[in-house]
Amino acid sequence: MLNAQIIEPYKGYQKQWFGTGGAKYSDNKNQEQDLNASLERFQSHHLADLDKANLMDRVDVKFLLPRAFLPGLLARLQNYYSVLEINNQRISRYYNQYFDTNNLRFYYDHHNGKLNRYKVRQQTYLDTNTQFLEVKFKNNNKRTIKSRILCSTTENNDHARNTFIQGAMNMSYDDLMVSQQGGYQRIALANEASAGYGFLHSQFSWRCDLA
């Protein structure tokens, strides 16, 4: 979880940043260089190192920050966290398709703050070319409980999907449709503690072109 003491010094700049319509960088290339330089200062970890982490049952805390804050924020974190590295890349690329019912039940449940609600998505990890069908359940204790199946050449069929959806949320996969889709890039930071892993996920997105 991101400590509030780290967030607090940056709050005063939000109005200034949005008021000027952008960050104090000359162009996107400079932002990219600063971000990559910041990430190079971190120790790294890999997917195999995350076996202790139970990300399938967790509490999510999210913050919305301008991308221009990232280099300074990462500098404050590098002594406490390591960064996920996949195929020599420290910024991972994702593409998601979200499913909903014809009457957008999942969307309205989320919009209205209903607990004991579901989210269904197909998530593609572009850097490893793997894909999962996932069901995320937000219970009345505000915990997110996730279940998923790997979509491979043998499992990526309607029968496997329907069996999974039926077992996870007692409804048919055929009753769902793609309601939205999009891509983003993510930095995943981990902090190993004596009792296991505590995670901060710093997720941010910029331009995404959809066919």
Side-chain angles (χ1 to χ4, degrees), residues 1-8 10-11 14 45 47 49-65 73 77 80-81 84 92 94-125 130-151 155-156 158-205:
M1 176 177 172
L2 187 58
N3 192 301
Q5 292 178 341
I6 297 176
I7 288 291
E8 190 66 32
Y10 294 92
K11 283 185 176 180
Q14 291 184 19
H45 63 269
L47 290 173
D49 300 322
L50 305 184
D51 291 339
K52 297 178 184 178
N54 185 13
L55 295 179
M56 306 299 279
D57 185 346
R58 62 183 190 255
V59 175
D60 293 326
V61 180
K62 299 178 181 179
F63 301 92
L64 180 64
L65 297 172
L73 183 59
L77 299 175
Y80 307 98
Y81 290 88
L84 177 64
S92 302
Y94 296 77
Y95 175 77
N96 289 340
Q97 289 181 305
Y98 287 89
F99 294 82
D100 211 328
T101 61
N102 286 330
N103 62 354
L104 300 180
R105 168 186 155 191
F106 304 153
Y107 165 77
Y108 284 111
D109 283 351
H110 177 85
H111 183 271
N112 295 328
K114 181 181 181 299
L115 296 178
N116 292 325
R117 66 178 186 261
Y118 290 96
K119 180 186 293 182
V120 181
R121 74 179 180 190
Q122 183 169 279
Q123 185 170 67
T124 302
Y125 297 75
T130 53
Q131 188 176 80
F132 292 90
L133 180 64
E134 302 181 341
V135 172
K136 299 175 73 174
F137 177 66
K138 177 68 72 68
N139 67 20
N140 55 10
N141 292 318
K142 297 187 178 181
R143 294 195 67 86
T144 299
I145 302 171
K146 184 169 73 171
S147 57
R148 66 182 186 178
I149 58 169
L150 178 66
C151 298
E155 295 175 311
N156 190 10
D158 288 344
H159 176 71
R161 290 166 178 265
N162 198 59
T163 300
F164 170 65
I165 295 297
Q166 188 69 40
M169 51 193 305
N170 195 29
M171 66 183 303
S172 174
Y173 175 73
D174 294 333
D175 293 334
L176 303 178
M177 63 177 185
V178 176
S179 59
Q180 59 178 310
Q181 55 189 334
Y184 59 91
Q185 302 186 47
R186 170 185 287 172
I187 301 166
L189 305 180
N191 176 19
E192 184 177 6
S194 59
Y197 278 86
F199 280 83
L200 159 69
H201 283 279
S202 177
Q203 176 180 309
F204 54 98
S205 57

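Source: prediction; values computed, not measured.
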Minimal non-hydrogen separation, F99 against L133, with atom names: CE1-CD1, 4.2 Å
Sub-3.5 Å donor-acceptor pair from the side chain of N139 to the main-chain atoms of N141, do we have one? yes
Expected output: side-chain N116 to main-chain N140 donor-acceptor under 3.5 Å: yes
Quick one: OH on Y108 to NZ on K114, what's the gap to the nearest 0.5 Å? 16.0 Å
Ignoring hydrogens, what is the shortest heavy-atom contact between A188 and H45? Give both atom names and the distance. O-CE1, 3.9 Å
side-chain contact (heavy atoms from CB on, under 4.5 Å), that's the test. Do N96 and Y184 meet it? Break it down for me. CA-CA 9 Å; N96 289 340; Y184 59 91; 3.3 Å; yes
Minimum heavy-atom separation for M177 and L104, please, with both atom names. CE-CD2, 4.3 Å
If the test is side-chain contact (heavy atoms from CB on, under 4.5 Å), which one of K136, R105, H110, M171 qualifies with Y118? R105
In Å, rounded to the nearest 0.5 Å, how long is the span from CZ of R161 to CD of Q122? 4.5 Å
For A160 versus I149, what's the shortest heavy-atom pair and its separation? O-CD1, 3.9 Å
Pairing residues for N162 by the side chain to side chain contact (heavy atoms under 4.5 Å, CB included) criterion, not counting sequence neighbours: S172, Y173
Can you list the residues that meet the ring-ring contact (aromatic ring centres under 6.0 Å, His included) rule with Y125, with sequence neighbours excluded? Y94, F132
Would you call T101 and L176 a side-chain contact if the rule is heavy atoms closer than 4.5 Å? yes
Side-chain contact, heavy-atom cut-off 4.5 Å: R117 with L115? yes
To the nearest 0.5 Å, how far apart are OG in S179 and CD in Q97? 10.0 Å
Below 4.5 Å, heavy atoms only, C-beta onward: do F164 and V135 meet side chain to side chain? yes
R121 versus Y98, closest heavy-atom pair with distance: NH1-OH, 3.3 Å
